[in-house]
Amino acid sequence: MTEGANPFESLQSQIDEAATHLEVGDDVIERLKHPERVLETNLTVELDDGSLERFKAFRSQFNGDRGPYKGGIRYHPQVSRDEVKALSGWMVYKCATAGIPYGGGKGGIIIDPDEYSEAELERVTRAFATELRPMIGEDRDIPAPDVNTGQREMNWIKDTYETLENTTEPGVITGKNIASGGSEGRVEATGRSTVIAAREAFDHLDKDLEGATVAVQGYGNAGWIAAKLIDRMGATVVAVSDSSGGIYNGSGLDPVAAKDHKNETGSVVGYEESEEELTNDEVLTLDVDLLIPAALENAIDAGLAEDVRADVISEAANGPLTPEADAILEGKDVFVIPDILANAGGVTVSYFEWVQNRQRFYWTEQRVNEELEEIIVDAFEALVATLEEYDLENPRTAAYVVAIRRVADSFEEAGTFP
Ligand code: NAD
């Protein structure tokens, strides 16, 4: 992971690059490069030993032109105001790329969750939910999980909100477990869209996915599901990694067994079928057909990009390439499926969850997966059509061209008020 590259500046440069291809005024583009508002709050929480600790937390509402703000909540020691702003902006363009009726938001708490008990994490989460209460709601802003948060945290936020508001409103948050109003298929959705997009890209490039070699960096929710599903499609997962390091087997790893090993020991490292241990950088620069970065931002910087040997990259993580790395990979003809399309499955099934919550009518997993497939395939087709129409080389630029056009259209239809 590269320190230093500012993700908010990366977002703004991606918008600037796409804007050069669009007839949208500079004044409108300027609006689309900055969040509408950012909450910065200090949570004071009692620890198990009775002492108090302060936690800094953020919620950025980037743009609501196309619908309520939507985006996850991250717990990580490196959460920062700029990171949250960038992630909230990516959500705007992700929802627009997928064509789902949301704006973008994101939240985070500066915390290493491994250092706290479950009871402490519950108090931290409920304290944050209390701060968020005036700005969230199923028609205002709908949080979801992100790194180091999941169903447990979503259920605490829903319960806090509903208790304080004296209502039942499961659509205030997505990523809940099924008993609390979650959707079938949500847990697998991000990994699923990452591999659907990869399959479409291989098809577009006339490459065979059957037998293709795959490396996956990051083995959490997004990464491990992507590994499992791409293996089922006939590809061979030769390397995976997590924050402790990577493992390699040229004949293919069993993604499920590697995950079991991680569940038992805390890491994929040490998994018995691994032939060789690799560093994270070695995993990212393996000579594979498909690379899936599924950890955090800035995994590949300019220096590492020179050594990347994959033909296709499907970005399960948000912002895994710095803009410099993106340019280098474009020069090397690597087909990069941008995060705002590849990992859009997460927010798409969150959208389905919200629709089901509002209708109080729940779908089968098969229906969820079929509707997801249609949305991701349509979004990929729109990207390819835009690449051709605008004579672009970089799929990310094409995705932003589609997305910015859609957001700008909504804004221009509504006009400014006051
Ligand atoms: P997670 O916490 O479940 O998993 C993160 C994984 O990354 C862990 O295995 C961790 O060990 C690993 N990791 C951390 N630092 C690493 C490093 N330097 N090298 C290698 N591995 C490292 O998180 P997640 O939900 O899978 O999210 C991963 C990425 O996907 C994030 O960028 C997130 O924003 C993005 N994303 C997730 C979802 C979702 O629905 N979960 C949706 C859209 C985007």
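For the single chain, residues carry numbers from 1 onward in sequence order. Indexing begins at 1, ligand by ligand and atom by atom, following the structure's order.
Between Y219 and ligand 1, a contact under 3.5 Å exists for at least one N or O pair. The shortest N/O to N/O separation between A295 and ligand 1 falls below 3.5 Å. Residue-to-ligand polar distances keep N343 apart from ligand 1: every N/O pair is separated by 3.5 Å or more. Of the polar atoms of G346, none of the N or O atoms is found under 3.5 Å from an N or O of ligand 1, judged by distance alone.
For the side-chain contact (heavy atoms from CB on, under 4.5 Å) test, residues two or more places apart in sequence or in another chain that qualify with E53 are L47, F55, Y116.
The nearest non-hydrogen atom to atom 35 (C) of ligand 1, considering only A222, A316, S244, comes from A316. Nearest-heavy-atom check against atom 2 (O) of ligand 1 across D281, N148, N318 picks out N148. The closest non-hydrogen atom to atom 10 (C) of ligand 1, taken over S243, S350, G245, comes from S243.
Contacts between N280 and ligand 1, counted as non-hydrogen atom pairs separated by less than 4.0 Å, involve the side chain only. Heavy atoms of T190 found under 4.0 angstrom from ligand 1 belong exclusively to the side chain. At a 4.0 Å heavy-atom cut-off, ligand 1 does not touch Q78 at all. The residue A144 has no part lying near ligand 1, judged by heavy-atom distances below 4.0 Å.
Ligand 1 has at least one atom lying under 4.0 Å from a heavy atom of S241. Not close to ligand 1: E297, with no non-hydrogen atom less than 4.0 angstrom away.
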Which pairs of donor and acceptor atoms, one on a side chain in residues 252-260, lie under 3.5 Å apart (sequence neighbours left out)?
unit_1, atom_1, unit_2, atom_2, d
D254, OD1, V256, N, 3.0
D254, OD1, A257, N, 3.3

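Close approach of ligand 1 to D146 is summarised as follows: ligand atoms under 4.0 Å from at least one heavy atom of the residue are 33 (C), 34 (O). Each of the following atoms of ligand 1 lies closer than 4.0 Å to a heavy atom of G218: 7 (O), 12 (C), 21 (N). Close contacts between ligand 1 and K262 involve ligand atoms 9 (O), 11 (O) [criterion: under 4.0 Å to a heavy atom]. Counting the atoms of ligand 1 from 1 in the order shown, those under 4.0 Å from a heavy atom of R186 are 40 (O).
No more than 12 heavy atoms of other residues, nucleotides or ligands sit less than 6.0 Å from atom CD of E393.
A side-chain donor from one of R186 and S350 sits under 3.5 Å from a side-chain acceptor of the other. When only modelled atom types and interatomic distance are considered, E273 and N249 share no side-chain donor-acceptor pair under 3.5 Å. For the 3.5 Å distance criterion, the side chains of H204 and E200 fail to qualify, holding no donor opposite an acceptor. Side-chain contact annotation: D301 with T322, donor-acceptor N/O pair under 3.5 Å absent.
By the 4.5 Å heavy-atom criterion applied to side chains, L383 and P338 are counted as neighbours.
Between the R66 side chain and the I100 main chain, a donor and an acceptor come within less than 3.5 Å of each other.
Remark: K262 fails to qualify as a cation-pi partner of Y219 under the 6.0 Å distance and 45° angle criteria applied to the six-membered ring.
Ring pair F8/F62 is perpendicular by interplanar angle, where above 60° counts as perpendicular and below 30° as parallel.
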